[in-house]
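Reading through the structure tokens given below for one structure.
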Amino acid sequence: MSELLDQLNEPQREAAACTEGPVMIIAGAGSGKTRTLTYRIAHLIELGVDPFSILALTFTNKAAAEMKERIMKLVGSEARNIWMGTFHSVFARILRSEAQKLGYINTFTIYDNDDSKSVIKQIVKDLKLDDPKKYSPGTVLNRISMAKSNLLGPEDYMNNPEIQQTDNDAQRPLIGEIYKMYNQRLRNAMAMDFDDLLFNMNVLLRDFPDVLLKYQNRFKYIMVDEYQDTNFSQYCIVKKLAARYQNICVVGDDAQSIYAFRGANIQNIFNFRRDYPNLNLFKLEQNYRSTKMIVDAANSIIAKNVEQIEKEIWTDNAVGNLIRLLRAADEREEGNLVADSIQKAHIGEGLPYKSFAILYRTNVQSRAIEEALRRADIPYRIYQGISFYGRKEIKDVLAYLRLVVNNYDDESLIRIINYPARGIGNTTLDRIRVAAADNDVAIWTVLENLPSFGLGLSSGTLQRITDFVMMIKLFSSMLQTTNAYDLAKQVVYASRIIALLEEDKDDPDNRERVENIKEMLNGVKEFCEKDDQFSEIENELPHPDNSQFKTLDQFLQQVLLLTSEDKDDDKESDKVSMMTIHAAKGLEFPYVYVMGLEENLFPSSLSLFSRQELEEERRLFYVAVTRAEKQLVLSYALTRYQYGKSSCQEMSRFVEEIDSKYIELPRRQKSFPNVGELPRAFQGVKGIKFSPEAEQGFAQPASQPKSKNLKPIAKASATHKGPTAQNTAETINAIQPGMTVRHDKFGTGKVLSCEGAGKDRKAVVFFEGIGQKTLLLAFAKLIIIE
DNA sequence: AAATAGCGCTTTTTT
DNA sequence: AGCGCTATTT
């Protein structure tokens, strides 16, 4: 037996050494799951298996990168050739190379959720439904996503009585119809959404036996991490790919399944036994991460769930401290208590900030905590708050880049055709959109053949559209000859986005936006220079031009599928980590604070209808608890601002479910009035302290009641307007290019050009120090000066 | 056409 | 409380 595996414990070693045939590893929290997987792959390579024939699917790209790093340390750099990444990124890459088979161009765009919702919103609008509110984009997208995850196309959806029943009951019978149109529009746009990447991979393997055979032969060894969080679609892909060699190893923990809400199917774990009766099953039950206290408490929590695989998690670690519970008057004080506790430990015991993590159920909670940390001068880092690529200015730039790579990308086109403003307004755009939808083509197709659609656009509008199309075409023609960085730089410059942002420098936000864009360009530059940044997959499937430089479409490919990519320097820096519990999966910290343990928040009020959903919340709590190595602190607030007003909160049932022998309750708890028993006048009033900690002076005083209800009553007076009579035809027609005019707000300016007649007549005027403005003369009260 | 004011709506988690 | 969308204003 290899020396390599000597570094594992018994069950880990057995699991890693069992390389042939189907294997399932049930790995409890902190049981060395990643380690086992890492050594298993290293072992395979050591045995002489070609890294190119190993496929390892992980939950995040970061996890893949880290694992690959560790494998390379164990067996050398050839490990870089392992296929490793998320389902989405690996299969997106394969789909790129096989796109034509499915009727896509290989530079197809990946639509993110915002893009998808925007498409749905437009469809609902086009359908002119009686009650469009029933079809909120989020809800519809959820339904479609659920269908795609279960490999149900639009036809299947509409023919499925159960689904139709559900939709009818919810008074939204037309979702199937919307689904069909949605798919059609995505296809016209040469775009796939996240679910399509998996759905279409299934189609590819189903309809092209030669392709299936090719990848079956390529991936002789397949490993899937976090198997409990795979959905049906992913399950099918894996099953098909592994069918030939059956060297399939799945790793997971049913107790940590927390993504059922987005289609993950915990049954996949149970089904695995049925699909591969000859499987080898290993259980990793020794926890190396946490104290006995934490492990036992976690066990007591998860025991409340009915559905689970039998296992017994234990540890040899020290007993450790009791779990602590903090109670605060409101979320502001809750933040202060936590910040205070961290600061005391940091100063008193010399613990580095980076050994602390603060976890919460929803992202909105982060704000109060953030403020508390800032007040206490504690450095922190939020994991995926608003991701960099979610910022508006970045999305704008990306839209330009996406459109250059794929002209049919409707969503990008709509986003930027008039940003910065170039005189192609909503009226024009709407007409074009209708034409595109009516003819079942992409918007770009309409733009390229505008005359033949006879939309009755003015010659000026036609010219502006032509200019725009020419600009994009010019850049598209440079794709194969210009590297991603140079091209992106040119596009950003030509788009004039930065110039627009720099117009009002008064806005400090704009400075930051410009910086962000520059930072993004830097990212493109790094991408071009580093040749191994995303090497996990790029060694295979050579891109059409696998030459010296990286192309823009290569850059875009991976941008959308990035999970929160961590910067190296941040890992080093000494900061407290803040994140949602979902984001904390797979991580561990010596000191963990879980905040907001309140009914209706955690568990979420939306989960209380069914046992399944409540059990998922409980697993989420289990995940939170098991992140902690040494000390776990829970906290909750008696009142909390939600939806703009204060509401009374009750302690979470999850806290009560922990056996009292593991938990230390707040001091002087009994002397506390329950907030519900207070005179009404005091309920929800900030500034009243309930907690002993606050009385002891550790916490900052809570905020003063804000007197924002004292807004001026007589606001009607402000709305009084002077006469706003429209200008007469005489005045309108009198204005001609070359004139100097005066405007109420913009001051004096020079008329550059005029267009149209009568009430539609408008003028482009250049104002000193303000810039160029297009004004509708019927409304703008221009005074002719000369 | 573009800027602004007011309104209603939302708010779980994310590849 | 914050946001995007609609209606209104210029």
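Letters go in sequence order (proteins before strands), and every chain restarts at 1. Excluded from the calculations below are hydrogen atoms, water molecules and symmetry mates; all remaining heavy atoms, backbone and side chain alike, are included.
- When the nearest nucleotides of DNA chain B are assigned to A/Tyr259 and A/Gly425 by heavy-atom distance, the more 5′-ward of the two goes with A/Gly425.
- Checked against side-chain contact (heavy atoms from CB on, under 4.5 Å), A/Lys117 has the following partners two or more places apart in sequence or in another chain: A/Pro137, A/Leu141.
- Legend: residues meeting side-chain hydrogen bond (donor to acceptor under 3.5 Å, both in side chains) with A/Thr626, ordered by chain and number and at least two apart, are absent.
- At the heavy-atom level, A/Gly138 lies nowhere under 4.0 Å from the strands shown.
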Enumerate, atom names and distances included, each donor-acceptor pair closer than 3.5 Å involving a side-chain atom of residues 423-433 of chain A, sequence neighbours excluded.
unit_1   : atom_1 : unit_2   : atom_2 : d
A/Arg431 : NH1    : A/Leu455 : O      : 3.1
A/Arg431 : NH1    : A/Gly456 : O      : 3.2
A/Arg433 : NH2    : A/Gln122 : OE1    : 2.3

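- Rounded to whole Å, atom P of B/dA3 lies 11 Å from atom OH of A/Tyr419.
- Rounded to an integer number of Å, the gap from A/Gln228 CD to B/dT13 P is 20 Å.
- Contact check, A/Asn142 against B/dT12: no side-chain N or O comes under 4.0 Å of OP1 or OP2.
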Between protein and nucleic acid, restricted to nucleotides 3-8 of chain C and to nitrogen or oxygen atoms under 3.5 Å apart, what atom pairs and distances do you find?
unit_1 : atom_1 : unit_2   : atom_2 : d
C/dC5  : OP1    : A/Lys121 : NZ     : 2.4

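- Listed by first and then second residue, the ring pair (Phe, Tyr, Trp, His ring centres under 6.0 Å) pairs involving residues 118-147 of chain A amount to none (not counting sequence neighbours).
- Among residues two or more places apart in sequence or in another chain, the ring-ring contact (aromatic ring centres under 6.0 Å, His included) test is passed with A/Phe199 by none.
- A/Tyr259 carries A/Arg262 over the face of its six-membered ring, with the cationic atom under 6.0 Å from the centre and within 45° of the normal.
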